[in-house]
Amino acid sequence: MTTVGVSREARRRLTSPRIAEMVADELRRQIVDGDLADGDLLPPQQVLVERFNVSLVSLREALRILQTEGLISVRRGNQGGAVVHLPTKTSAAYMLGLVLQSQHVPLGDLSTAVRELESTCAALAAQRADRITTIVPELQRINAAMGAELDDGSRFGELGRQFHRALVGECGNATIAAVVGSLEALWSSHEQHRVRDTAEVGYPSAGERRAVLKTHSALTDAIELGDPELARRIASRHLADAQTRAFSADSAERIVATSASAAAQLGDWRVP
């Protein structure tokens, strides 16, 4: 387990009336800087009280702040304690979803954002100087695996999700990748609810799977050729078709935020 420490300078700062926020700030910094790893247990509360030189009340309030942010969770029992969690696209999607839900934003608005931004990721991938040794081999590997799993709809769908994650994650711009990942996590939470019902009747069909693979291959070729506009057009058309399949008549439906825990139970589903 990673040891939690606090500098003398940090101790001096903790004389502020905003002690709980400052303790949360210090622990948050250690989490996002990697001093505390995902899955680490924080030391017992009494140890933290002594290290930060604060009251138990202030420490517990700081932990509540981090728990609300999804950076820790409390595990009960003999092996219990505060478990560290790195920030995720799902937790970011939840907060973004709350903002959009409060503004009564329809799903059609979200689907347009996902389509435009993921298409931008495709164009950025085609502009990567190192694309031949980075993203292209990964996309080709996934396409080959999809071709071998054409008769297995479930496995084919998972590989399709891998393709889109790779396209976004390896586009070459970390900021856009994080934003798009959060939007897609929000979209996927709605998509999963809807497509679980249609999946019972064989969604997607064998013909649709072959069409998806053909499009993925064409998109990969455009990226390999270094043609950003072609890559953008193929990605945009492909995403529009996939979104229409999932939500053909519900573009006016209001966005509803899904909590991080509920999203984790649903899984990272999205139309390939």
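Please read all numbers here as calculations on a predicted model, not as lab measurements.
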A.B. asks: Side chains of residues 172-182: which donor-acceptor pairs under 3.5 Å do they make with residues two or more places apart or in other chains?
C.D. replies:
residue : atom : partner : partner atom : Å
Asn173  : OD1  : Thr175  : N            : 3.2
Asn173  : OD1  : Ile176  : N            : 2.9
Ser182  : OG   : Ala178  : O            : 3.1

A.B. asks: Only one of Val105, Asp109, Leu110 passes side chain to side chain contact (heavy atoms under 4.5 Å, CB included) with Leu107; say which it is.
C.D. replies: Leu110

A.B. asks: CG of Leu239 to CD of Glu184: how many Å apart, nearest 0.5 Å?
C.D. replies: 7.5 Å

A.B. asks: Identify the two heavy atoms, one from Ile135 and one from Ala166, that lie closest to each other, and give their separation to 0.1 Å.
C.D. replies: CD1-O, 3.9 Å

A.B. asks: Can you say whether the rings of His216 and His164 are parallel (under 30°), tilted (30 to 60°) or perpendicular (over 60°)?
C.D. replies: perpendicular

A.B. asks: Which atoms form the tightest heavy-atom contact between Ala126 and Ala231, and what is the distance?
C.D. replies: CB-CB, 4.3 Å

A.B. asks: Kindly work out whether a path of hydrophobic side-chain contacts (I/L/V/M/F/W/Y, heavy atoms less than 4.5 Å apart) joins Leu27 to Leu86.
C.D. replies: yes

A.B. asks: Could you tell me whether a side-chain N or O of Asp40 sits under 3.5 Å from a main-chain N or O of Ala37, the two making a donor and an acceptor?
C.D. replies: yes

A.B. asks: Would Leu150 and Val212 show up in the same hydrophobic cluster when neighbours are defined by side-chain heavy atoms closer than 4.5 Å?
C.D. replies: yes

A.B. asks: Could you grab the distance from atom CG of Leu100 to atom CE of Met95, nearest 0.5 Å is fine?
C.D. replies: 11.5 Å

A.B. asks: Dump the intermediate steps for side-chain contact (heavy atoms from CB on, under 4.5 Å) on Thr120 and Glu116, then the final yes or no.
C.D. replies: CA-CA 6 Å; Thr120 296; Glu116 293 298 322; 5.6 Å; no

A.B. asks: Work out which heavy atom in Ser111 is nearest to a heavy atom in Gly108; give both atom names and the distance.
C.D. replies: OG-O, 2.9 Å

A.B. asks: So does Arg128 pair up with Glu170, basic N to acidic O under 4.0 Å?
C.D. replies: yes

A.B. asks: Nearest 0.5 Å, please: how far is NZ in Lys214 from CE in Met146?
C.D. replies: 14.5 Å

A.B. asks: What residues, two or more places apart in sequence or in another chain, satisfy side-chain hydrogen bond (donor to acceptor under 3.5 Å, both in side chains) together with Gln67?
C.D. replies: none

A.B. asks: Looking at Arg75 and Val83, would you say the former's side chain and the latter's main chain have a donor-acceptor pair under 3.5 Å?
C.D. replies: no

A.B. asks: Measure the CG-CZ distance between Leu59 and Arg51 for me, rounded to the nearest 0.5 Å.
C.D. replies: 12.0 Å

A.B. asks: With rounding to the nearest 0.5 Å, note down the distance linking CG in Leu42 to CG in Leu71.
C.D. replies: 10.5 Å

A.B. asks: Would you please name every residue forming a side-chain hydrogen bond (donor to acceptor under 3.5 Å, both in side chains) with Ser73, sequence neighbours left out?
C.D. replies: His85

A.B. asks: Answer yes if Val54 and Leu56 sit in the same cluster of Ile, Leu, Val, Met, Phe, Trp and Tyr residues linked by side chain heavy atoms under 4.5 Å apart, and no otherwise.
C.D. replies: yes

A.B. asks: Mind checking what makes salt bridge (Lys or Arg N to Asp or Glu O under 4.0 Å) contact with Arg141, not counting sequence neighbours?
C.D. replies: Glu138

A.B. asks: Is there a side-chain contact between Glu224 and Gln140 (heavy atoms, below 4.5 Å)?
C.D. replies: yes

A.B. asks: Might you point out which heavy atoms bring Asn143 and Ser217 nearest each other, and give the distance in Å?
C.D. replies: ND2-CA, 3.8 Å

A.B. asks: Please name the pair of heavy atoms, one in Leu183 and one in Ala113, separated by the smallest distance, quoted to 0.1 Å.
C.D. replies: CD1-CB, 4.3 Å

A.B. asks: Following the transitive rule for hydrophobic clusters with a side-chain heavy-atom cut-off under 4.5 Å over Ile, Leu, Val, Met, Phe, Trp and Tyr, establish whether Ile65 and Phe52 coincide in one cluster.
C.D. replies: no

A.B. asks: List the residues meeting salt bridge (Lys or Arg N to Asp or Glu O under 4.0 Å) with Asp151, not counting sequence neighbours, and say none if there are none.
C.D. replies: none

A.B. asks: Output the distance between atom CZ (Arg18) and atom OG (Ser58), rounded to the nearest 0.5 Å.
C.D. replies: 12.5 Å

A.B. asks: Between Ala62 and Ala20, which heavy-atom pair has the shortest distance, and what is it?
C.D. replies: CB-O, 3.3 Å

A.B. asks: Given Phe156, which of Glu208, Arg209, Arg210 fulfils the side chain to side chain contact (heavy atoms under 4.5 Å, CB included) condition?
C.D. replies: Arg209

A.B. asks: Same cluster or not: Leu225 versus Ile223, using hydrophobic residues (I, L, V, M, F, W, Y) connected whenever any side-chain heavy atoms lie under 4.5 Å apart?
C.D. replies: no

A.B. asks: Mind checking whether Leu63 and Gln45 have side chains closer than 4.5 Å, heavy atoms only?
C.D. replies: yes

A.B. asks: Any side-chain heavy-atom pair from Leu159 and Arg155 closer than 4.5 angstrom?
C.D. replies: yes

A.B. asks: Using modelled atom types and a 3.5 Å cut-off, is there a donor and acceptor pairing between side-chain atoms of Ser236 and backbone atoms of Arg233?
C.D. replies: no

A.B. asks: Arg64: which residues meet the side-chain hydrogen bond (donor to acceptor under 3.5 Å, both in side chains) condition with it, sequence neighbours left out?
C.D. replies: Glu61

A.B. asks: Is there side-chain contact between Phe163 and Thr220, with at least one heavy-atom pair below 4.5 Å?
C.D. replies: yes

A.B. asks: Going by heavy atoms in the side chains, are Leu219 and Leu167 under 4.5 Å from each other?
C.D. replies: yes

